Chemist: 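First the structure, then my questions, so here it is.
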Amino acid sequence: MESVRTCAKPLCGAPAAATLMYHYGSRTVWLDNLDEEPEPQSYDLCASHSAHITVPVGWALEDRRTPIIQLRPPLAV
């Protein structure tokens with residue numbers, strides 16, 4: 001049975017949607033599509049937390065996620 005990865009933010013518990021990594025030397029934070037396997041040097045974030053992430057002053061944020069483009073509008077429910 002496959003376990004669902006959850007957001008690394010305390011008390012969140014929402015399903016993970018993106019992977020965050022950072023590098024102190026270059027003062028860079030990267031947001032990527034959720035990695036298939038969790039990495040020890042990365043953090044999983046939910047859609048809400050990854051959409052509202054801020055970085056320290058002097059740091060750069062690179063959002064490298066691939067946008068999801070819907071080919072047709074959703075069906076009315």
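Every value quoted in this text rests on a predicted model; they were computed, and no experiment measured them.
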Chemist: Would V4 end up clustered with L45 when hydrophobic side chains under 4.5 Å apart are linked, directly or stepwise?
Modeler: no
Chemist: Indicate yes or no: at least one non-hydrogen side-chain atom of P15 is less than 4.5 angstrom from one of R5.
Modeler: no
Chemist: Would you give the length of the straight line joining atom CG of D32 to atom OG of S50, rounded to the nearest 0.5 angstrom?
Modeler: 11.5 Å
Chemist: Say whether L31 and M21 are linked into one hydrophobic cluster, either directly or through other cluster members, by side-chain heavy-atom distances under 4.5 angstrom.
Modeler: no
Chemist: Mind checking the OG-CG spacing from S42 to L34? Nearest 0.5 Å is all I need.
Modeler: 9.0 Å
Chemist: Measure the CD1-OG distance between I53 and S48 for me, rounded to the nearest 0.5 Å.
Modeler: 11.5 Å
Chemist: If I compare all heavy atoms of G58 with all of R27, which pair ends up nearest, and what's the gap?
Modeler: O-CD, 3.8 Å
Chemist: In sequence, state the C-alpha distance, the side-chain angles, and the governing distance for C46 and K9, and then conclude on side-chain contact (heavy atoms from CB on, under 4.5 Å).
Modeler: CA-CA 9 Å; C46 67; K9 289 283 193 169; over 6 Å; no
Chemist: So H23 and W30, would you call those rings parallel, tilted or perpendicular, with 30° and 60° as cut-offs?
Modeler: tilted
Chemist: Should we count CZ of R64 as having more than 12 external heavy atoms under 6.0 Å?
Modeler: yes
Chemist: W59 and V29: which non-hydrogen atoms are nearest, and at how many Å?
Modeler: CE3-CG2, 3.7 Å
Chemist: Quick one: does any side-chain atom of T19 pair with a main-chain N or O of D35 as donor and acceptor, under 3.5 Å?
Modeler: yes
Chemist: Are a donor atom and an acceptor atom from the side chains of T66 and N33 found within less than 3.5 Å of each other?
Modeler: yes
Chemist: Do you know which two heavy atoms are closest between D44 and A16, and how far apart they sit?
Modeler: CB-CB, 3.6 Å
Chemist: What's the spacing between Q41 CD and Y22 OH if we round to 0.5 Å?
Modeler: 9.5 Å
